[in-house]
Amino acid sequence: MTQTANRARLVLGNWKMHGSLADNAALLDALRAADAASHCQIGVCVPFPYLAQTAQALAGSAITWGAQDVSAQAKGAFTGEVSASMLKEFGCRWALAGHSERRTLHGESDQLVADKARAALEQGLTPVVCVGESLEQRESGDTLAVIERQLAPVLALGREAVAAMVLAYEPVWAIGTGRTATPEQAQEVHAAIRAALTKLGAPQVQVLYGGSVKAANAATLFAMADIDGALVGGASLVAEEFLRIAAN
Ligand code: 13P
């Protein structure tokens, strides 16, 4: 609906490890029932077992869907992993890569995150590459250096690859804490990311903000020049709240 520069606004929900067949059915039906003209482009990133349900519930709608992770490997003996080609079979548009919960709880390295993004791209999925600093890193003044380090192997994939991605800035200290970055704090990092993208020749890449986004704070975040939308956790589990965020 609304645009920042020439970049379309995008609001993605990350359900994390929430949901049940019954709860999902209600949530997906409510999203589908909303007038597509009343919100920007939206999508949901759901747990793997619910991809089939999501694909069925949203088929033919304007709403896109995807996964919260993807293997860097194409196939083989990788117990517990899910490949990009499998996600493709379920109609996924998105694959999150490098969410901070994967980086911290599962030890994912910056290089692995870039490898996952590349694996997603090879199957025509759009990777949503997440970056963000911890509270300790912010307080010691390292925010921009951390973001630069996390992005380095991703940017090394080259202009063409990066141009086909979405990036998400999610300060770890703002995730699930109710403590949103101020629009100015977020914009500072988004501007640095935009500068890196521009240097690479991919200035049109959408850069989403994530971390305690809700209907009450979305508009001020979206008013910032380099914030192109949101990656929403908790508030994406409530259809009305999620749609209100996307109505901005
Ligand atoms: P919350 O919106 O619950 O803070 O989660 C943000 C997030 O991690 C989205 O990926």
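In listed order, ligands and their atoms are each counted from 1.
- Of all the atoms in ligand 1, the ones that sit under 4.0 Å from a non-hydrogen atom of Glu170 are 6 (C), 7 (C), 8 (O), 9 (C), 10 (O).
- Thr64 places a side-chain N or O within donor-acceptor distance of the main-chain N or O of Ile42, the cut-off being under 3.5 Å.
- Using a 4.0 Å cut-off between charged nitrogen and carboxylate oxygen, Arg32 and Asp29 do not count as a salt-bridge pair.
- For atom 3 (O) of ligand 1, the nearest non-hydrogen atom of the protein is Gly234 N, 2.8 Å.
- Salt-bridge check for Arg194 with Asp228: passed, with a basic side-chain N closer than 4.0 Å to an acidic carboxylate O.
- Each of the atoms 9 (C), 10 (O) of ligand 1 lies under 4.0 Å from some heavy atom of Leu231.
- The ligand atoms of ligand 1 that sit less than 4.0 angstrom from a heavy atom of Ser212 are 1 (P), 2 (O), 4 (O).
- Although no hydrogens or angles enter the test, the distance criterion places a donor-acceptor pair under 3.5 Å between the side chain of His190 and the main chain of Asp226.
- Between the side chain of Gln53 and the main chain of Tyr50, no donor-acceptor pair closer than 3.5 Å is present.
- Every atom of ligand 1 is numbered from 1 in the order shown, and the set under 4.0 Å from a heavy atom of Lys16 is 5 (O), 6 (C), 7 (C), 8 (O).
- Between Gly176 and ligand 1, an N or O atom pair is found at a separation short of 3.5 Å.
- In this structure, Tyr169 is a member of the same hydrophobic cluster as Val11, with clusters built from ILVMFWY side-chain heavy atoms closer than 4.5 Å.
- Atoms of ligand 1 lying under 4.0 Å from at least one heavy atom of His99, given by number and element, are 7 (C), 8 (O), 9 (C), 10 (O).
- The proximity of Asn14 to ligand 1, defined as any non-hydrogen pair under 4.0 Å, is limited to the side chain.
- Those atoms of ligand 1 with a heavy atom of Ala174 less than 4.0 angstrom away are 4 (O).
- At least one N/O-N/O distance between Gly233 and ligand 1 falls below 3.5 Å.
- Residue contact check: Gly211 has heavy atoms under 4.0 Å from atoms 4 (O), 6 (C) of ligand 1.
- Looking at heavy atoms from C-beta onward, Trp94 lies in side-chain contact with Val166 at the 4.5 angstrom threshold.
- Between Gln150 and Val113, every side-chain heavy-atom pair lies at or beyond the 4.5 Å cut-off.
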